[in-house]
Amino acid sequence: MRARARTHAVSLPDERLQLAVCDAPRSCASVTSGDSMFNANGAFSIKTAEDMLSVRFELSDNWTETEITRENIIRALEDRHIVYTPEDVKRIDRAVAAIRSEGKPEEEPLIVMGEEPVHGVDGRVIDCLDPNERARTKGGGTDHYKRNTLRAVDPGDLVLKFIRPTPHTDGRDVYGREVPAIQGEMPQVTLSDHLETSEDGLEVRAKSSGTFDFEDGVATLTPNLQISGDIDFRTGSVDFEGEVDIAKDVADRFHIKTSKNVTIRGIADGAQIEALLNVSITGGIYGKGKGFYKAGKEFFARFASEAQIVAAEDITFDEFCQNSDIRCGGKFIMPNGVLRGGELRCKKGADIGELGAEGASKTLIWVGVHENLPEQLIYVDEQIKGLMSRIKELKAEYEEKIAKTDPSDAAAAAKITSIAESIQKAIAQLKERRDTMHQMREDQENNDHVGVNVTRCIYPGVIVHFYGAFATFREKIEGPHSISVERSEEGTRILLTSLQTNEQREIPAEPYFPESPGETQEAA
């Protein structure tokens, strides 16, 4: 009778309950994968899988029920140095019971299972720029005019995010030997300048404004935004903190907004263009009555039609500007072009080729008038009146408290002090508002020396405003002329001076002070 190999319990790190490990020399049985060995007089065989991670049980043709027992199967496993667990013993018992009740199974029962290695899954990198993020509507849709597929980023924007590899766990085959698992790896990404990783290495952010691109494991950030085509549905709108250079056109209803300069080398339709510095539209503007264009400094375009244009400094056109609303904090410059229709406000005067046109709609010019000055004066005047009323109320409250307060009442004394501080604060604010109004009026008076130079002709229907007076031209005037204002004790005159002969004549003027605020009285 064959002696049974001795077994003992082994504790593993993964806290399996028990492993039965054969102590017999490894040479006592073959451990070749995929082979089989008949036992119990050849009634059954034990077969290991090719990967040595499982053992199956197979009946021979001359098996008998008395030979198919747990003890015989376990003895066969031990003879082959196969490690089994209590869970495997349960599998053996289920196989034996099935054979006794149903006979030889069609499929070889699985009686021992090793531990398959859990391979780590490689880490991955996520591109965090969603072109539709700013375009999502409350209803869950997309406003395609607000989409931005140009991948423009601002400093600090998250552009890439790394996901760590999943953990790996080594396995164990049916002979108790370790089966190494494959370790997952982090993706390799090359970063250009202007990009930086977080301390944990899991995030990449932009160090400056620019255009981001990520392809084939290479992440790049180009500081300026250069578009070789149009701004339309293919690109979406632009909201960017750097230089913007558009090679072609900007389609209707799309917008560009930047903290630096905008250059558009094609046509800007009914778009929204805003730059904190300069705007240059070399192709021209078709505003369609809805386009808005704003420059924090200077503005240039070849032409403009039905547009609203605002610039803190000079505005320059090459050809024409028609039926537009122009607000210019500097000088309006178009010495060879035509201004016809619409309204122009130019704080530092204008140089224009032709002013108005035959049969054109009314052309209105405000010269030397700061944009929204009347409205600003009214606003400041209302603030002054409100502060004066507030001071009056506080003084009345202060005098009442003084008259009725017991000097020993500390709480009441503190209240009186608080009222006195409020009065002083209101008086300081009042002085500040009065100084503001005085400065605004002084600035306006300093602009009286500016005028409009017209190199070719002025057409009927042109109305020129200076602060306090305006004149309407009712006949065509040929030749280069200058339109200016002269103030004296007798009143305000608007003068037309020939730039060739210096001949001067007065244009009938009418007074005009649009809702100028009244004088306020000093606070008592």
Side-chain angles (χ1 to χ4, degrees), residues 298-304 309 311 313-371 373 443-513:
E298 296 187 359
F299 186 96
F300 167 81
R302 185 161 65 91
F303 64 82
I309 300 171
E313 297 179 10
D314 296 348
I315 294 179
T316 303
F317 291 100
D318 276 346
E319 298 179 4
F320 65 86
C321 179
Q322 65 181 20
N323 301 324
S324 296
D325 182 1
I326 310 297
R327 308 296 174 95
C328 178
K331 190 172 186 177
F332 183 80
I333 304 171
M334 192 170 58
N336 299 312
V338 179
L339 178 68
R340 53 177 175 260
E343 181 174 344
L344 165 64
R345 294 191 181 214
C346 49
K347 184 177 181 181
K348 296 184 179 180
D351 288 336
I352 301 171
E354 293 184 12
L355 189 50
E358 293 286 0
S361 56
K362 181 171 64 176
T363 304
L364 180 62
I365 301 179
W366 296 74
V367 185
V369 178
H370 190 280
E371 182 187 3
L373 177 67
D443 288 346
Q444 185 58 60
E445 292 173 2
N446 291 336
N447 288 333
D448 278 351
H449 66 281
V450 302
V452 178
N453 294 325
V454 183
T455 56
R456 292 198 293 273
C457 63
I458 306 171
Y459 287 90
V462 171
I463 302 173
V464 179
H465 279 81
F466 291 90
Y467 187 67
F470 72 94
T472 302
F473 287 81
R474 305 187 185 282
E475 59 177 316
K476 183 178 179 181
I477 300 174
E478 300 279 359
H481 286 83
S482 173
I483 308 169
S484 59
V485 64
E486 182 181 272
R487 303 185 193 278
S488 66
E489 293 181 358
E490 289 75 21
T492 301
R493 299 195 308 158
I494 295 179
L495 303 175
L496 182 68
T497 304
S498 171
L499 296 178
Q500 291 178 333
T501 65
N502 287 328
E503 181 183 352
Q504 194 173 72
R505 63 167 165 154
E506 183 177 348
I507 304 297
E510 300 179 48
Y512 184 68
F513 292 93

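Numbers for residues simply follow the sequence, beginning at 1. Note that this is a predicted model, so its numbers are computed, not measured. Hydrogens, waters and symmetry mates play no part in the numbers below; they use all other heavy atoms, side chains included.
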Do the ring planes of His465 and Trp366 sit parallel (below 30°), tilted (30 to 60°) or perpendicular (above 60°)?
-> parallel
Taking only residues two or more places apart in sequence, or in another chain, which ones meet Asp325 in a salt bridge (Lys or Arg N to Asp or Glu O under 4.0 Å)?
-> Arg327
Residues in side chain to side chain donor-acceptor pair (under 3.5 Å) with Thr472, at least two apart?
-> none
Would you say the side chain of Val367 lies within less than 4.5 Å of the side chain of Ile483, judging by non-hydrogen atoms?
-> no
Using side chain to side chain contact (heavy atoms under 4.5 Å, CB included) as the criterion, list what pairs up with Glu354, not counting sequence neighbours.
-> Val338, Arg456, Cys457, Tyr459
Taking all atoms of both residues into account, what is the closest heavy-atom pair of Ile463 and Lys362, and its distance?
-> CD1-CD, 3.4 Å
Minimum heavy-atom distance between Ala509 and Ala469, given as atom pair plus value = CB-CB, 4.4 Å
Atom pair CG (Leu364) and CZ (Arg345), whose distance is rounded to the nearest 0.5 Å | 8.0 Å
Supply the atom-to-atom distance Ser324 OG to Glu343 CD, rounded to the nearest 0.5 angstrom.
-> 11.5 Å
Any sub-3.5 Å donor-acceptor pair from Asn336's side-chain atoms to Gly353's backbone N or O?
-> no
So which pairs with a foot in residues 472-495 pass ring pair (Phe, Tyr, Trp, His ring centres under 6.0 Å), sequence neighbours left out?
-> none
Using salt bridge (Lys or Arg N to Asp or Glu O under 4.0 Å) as the criterion, list what pairs up with Glu298, not counting sequence neighbours.
-> none
Identify, with sequence neighbours excluded, every residue that meets side chain to side chain donor-acceptor pair (under 3.5 Å) alongside Glu503.
-> none
List for me each residue that meets salt bridge (Lys or Arg N to Asp or Glu O under 4.0 Å) alongside Arg505, sequence neighbours excluded, and say none if there are none.
-> Glu475
Listed partners of Asp318 passing side chain to side chain contact (heavy atoms under 4.5 Å, CB included), at least two apart | Phe300, Arg302
Locate the shortest heavy-atom distance separating Ile365 from Cys346; write the atom from each residue and the value.
-> CG2-SG, 4.3 Å
Please name all residues satisfying side chain to side chain donor-acceptor pair (under 3.5 Å) with Glu490, sequence neighbours left out, ordered by chain then number.
-> Ser488
With a 4.5 Å limit on heavy-atom distance, are the side chains of Phe299 and Ile326 in contact?
-> no
How far does CD1 of Ile458 sit from NZ of Lys476, to the nearest 0.5 angstrom?
-> 11.5 Å
Considering residues at least two apart in sequence or located in another chain, which fulfil the side chain to side chain donor-acceptor pair (under 3.5 Å) criterion with Asn453?
-> Asp351, Ser482
Describe, in one word, how the ring planes of Phe320 and Phe303 are oriented to each other, choosing from parallel (under 30°), tilted (30 to 60°) and perpendicular (over 60°).
-> parallel
Do Lys347 and Cys328 have side-chain heavy atoms sitting under 4.5 Å apart?
-> no
At what distance, to the nearest 0.5 angstrom, does CD1 of Ile315 lie from SG of Cys321?
-> 8.5 Å
Is there side-chain contact between Ile507 and Val464, with at least one heavy-atom pair below 4.5 Å?
-> no
State, with a plain yes or no, whether a side-chain heavy atom of Val454 is found less than 4.5 Å away from one of Ile477.
-> no
Considering non-hydrogen atoms only, spot the tightest contact between Ile352 and Gly337 and give its length.
-> CG2-O, 4.1 Å
Residue list, salt bridge (Lys or Arg N to Asp or Glu O under 4.0 Å) with Arg493, at least two apart or on another chain | Glu486, Glu506
